[in-house]
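To find a chain, count down the sequence lines: A is the first, B the second, and so on, and within it residues start at 1.
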Protein chains: 2
Amino acid sequence: MLTIGRLATATGVKVPTIRYYEQIGLLPPPERSMGNQRLYGQSARDRLTFVRHARELGFPLEAIRDLLSLSDDPDRSCAAADAIARAQLVAVRARISRLRALETELERMLVQCAHGTIADCRVIEVLGDHAHCCESDHGAPETV
Amino acid sequence: MLTIGRLATATGVKVPTIRYYEQIGLLPPPERSMGNQRLYGQSARDRLTFVRHARELGFPLEAIRDLLSLSDDPDRSCAAADAIARAQLVAVRARISRLRALETELERMLVQCAHGTIADCRVIEVLGDHAHCCESDHGAPETV
DNA sequence: TCTAATGTCTCTAGCAACTATAGGTTCAAG
DNA sequence: CTTGAACCTATAGTTGCTAGAGACATTAGA
């Protein structure tokens, strides 16, 4: 049986995050020690590893909830899990192409920077006047 | 003079977002009509265009605040603006490489999916048991 | 065995960067 | 002059956590 701290180091998920996952119902409430501290077994550890990995792959918690409910029910079709992963792949690819356009533009801004005063700074100018420089439409803001 | 709605369509920034930017001090409080409605001039429009464009490039609002204060002071050196853009470029590149690792992983998951039942679905397996399949370390979760 | 340090508990509030809702006011068209 | 869209303020909600306060539990060392 693992305390929450040991589970945290074992899985790489921080302690408050584990409690948060429990709070939102992603992890079931674990056993408690006599002193009311959480105690986790192997299945909780596996489940949390699954969650962490899915988060690293960019799945939102709602999708992870769906995936967990699928894996809790192993006789159902794989198609649903497949669809979730497929949608995620589409989203990831779109994100990559947007970020590449961003990269190009930032590179150009920096290359053209005159290293003088703000008055003739390309960075400021480019941001102030989109039409002067941009080839691509950036779309929605990127969260970086 | 533009009302907030016209400013919103002119710049592509939503009305509540404009008010939010004013609230956090990114935009100065504009003039008001006799009926207490906001009225914007050209300089407000320019400033908001600048903000929108910087957001599209992924600059966080704090960085935009810095860039705006720099551009208010055109005699200063360009170096600070350059540094902000450079940091942004580094962040964007890191994000791209992480997303590429993600893409590879999702592709493999989908290819390996036997399209049978969950019991032999690689999507679940890959997420549950990292060591079995991953070549790369994904790093921190991506927000997709 | 006592004690000090660490770990854990609950609860609340905060972060980015908005978005949505409620309940009211103002404006422009017909 | 009325109707409906656009506007106002203020508050609360979103996602996925993270940080803090103040109290209890556990453990390692003297």
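Although no hydrogens or angles enter the test, the distance criterion places no donor-acceptor pair under 3.5 Å between the side chain of A:R52 and the main chain of A:R47.
Picking from C:dT8, D:dG16, C:dC18 the nucleotide with the shortest atom distance to the side chain of B:T17 gives C:dC18. When distances run from any side-chain atom of B:T3 to the nucleotides C:dT19, C:dA17, D:dC7, the shortest one goes to D:dC7.
A close approach under 4.0 Å does occur between a side-chain nitrogen or oxygen of B:Y21 and OP1 or OP2 of C:dC18. Distances shorter than 4.0 Å separate some side-chain N or O of B:K14 from OP1 or OP2 on C:dT19. Within the 4.0 Å cut-off from OP1 or OP2 of D:dA6, not a single side-chain nitrogen or oxygen of B:R6 is found.
Distance, A:Y20 OH to C:dT12 C1': 15 Å, rounded to whole Å. A:Y40 places its OH atom 16 Å from the P atom of C:dG7, with the value rounded to the nearest Å. One can place CG of B:L26 at 12 Å from P of C:dA16, the figure rounded to the nearest angstrom. For the pair A:L61 CG and D:dT14 P, the computed distance is 14 Å after rounding to whole Å. Between the CG atom of B:L7 and the C1' atom of D:dA6 there is a distance of 14 Å, given to the nearest Å. To the nearest angstrom, P of C:dC18 lies 12 Å from CD1 of B:I18. Computed from coordinates, the A:Q23 CD to C:dT12 C1' distance equals 11 Å when rounded to whole Å. Rounded to whole Å, atom P of C:dA16 lies 18 Å from atom CZ of B:F59.
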Quick one: which protein N/O atoms are closer than 3.5 Å to N/O atoms of nucleotides 8-10 of chain D? Pair and distance per line, please.
{"from": "D:dC8", "atom 1": "OP1", "to": "B:R38", "atom 2": "N", "distance (Å)": "2.8"}
{"from": "D:dC8", "atom 1": "OP1", "to": "B:R38", "atom 2": "NH1", "distance (Å)": "3.0"}
{"from": "D:dC8", "atom 1": "OP2", "to": "B:R19", "atom 2": "NH1", "distance (Å)": "2.3"}
{"from": "D:dC8", "atom 1": "OP2", "to": "B:R38", "atom 2": "NH1", "distance (Å)": "3.4"}
{"from": "D:dC8", "atom 1": "O3'", "to": "B:R32", "atom 2": "NH1", "distance (Å)": "3.4"}
{"from": "D:dT9", "atom 1": "OP1", "to": "B:R32", "atom 2": "NH1", "distance (Å)": "3.3"}
{"from": "D:dT9", "atom 1": "OP1", "to": "B:R32", "atom 2": "NH2", "distance (Å)": "3.0"}
{"from": "D:dT9", "atom 1": "OP2", "to": "B:R38", "atom 2": "NH1", "distance (Å)": "2.9"}
{"from": "D:dT9", "atom 1": "OP2", "to": "B:R38", "atom 2": "NH2", "distance (Å)": "2.8"}

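Inter-residue side-chain proximity for A:R38 and A:R32 is flagged as met; some heavy-atom pair is nearer than 4.5 Å. Looking at heavy atoms from C-beta onward, A:T49 lies out of side-chain contact with A:V13 at the 4.5 angstrom threshold. When side chains are defined from C-beta on, A:R55 counts as touching A:L61, because their heavy atoms get closer than 4.5 Å.
In this structure, A:R93 pairs ionically with B:E107, as a charged nitrogen and a carboxylate oxygen lie closer than 4.0 Å. A salt bridge links A:E62 and A:R65; the closest N-O separation between the charged side-chain nitrogens and carboxylate oxygens is under 4.0 Å.
If you find the closest nucleotide of DNA chain D to B:G5 and to A:E62, the one lying nearer the 5' end belongs to B:G5.
Taking each heavy atom of B:A63 and B:I84 in turn, the nearest pair found is CB-CG2, 4.0 Å.
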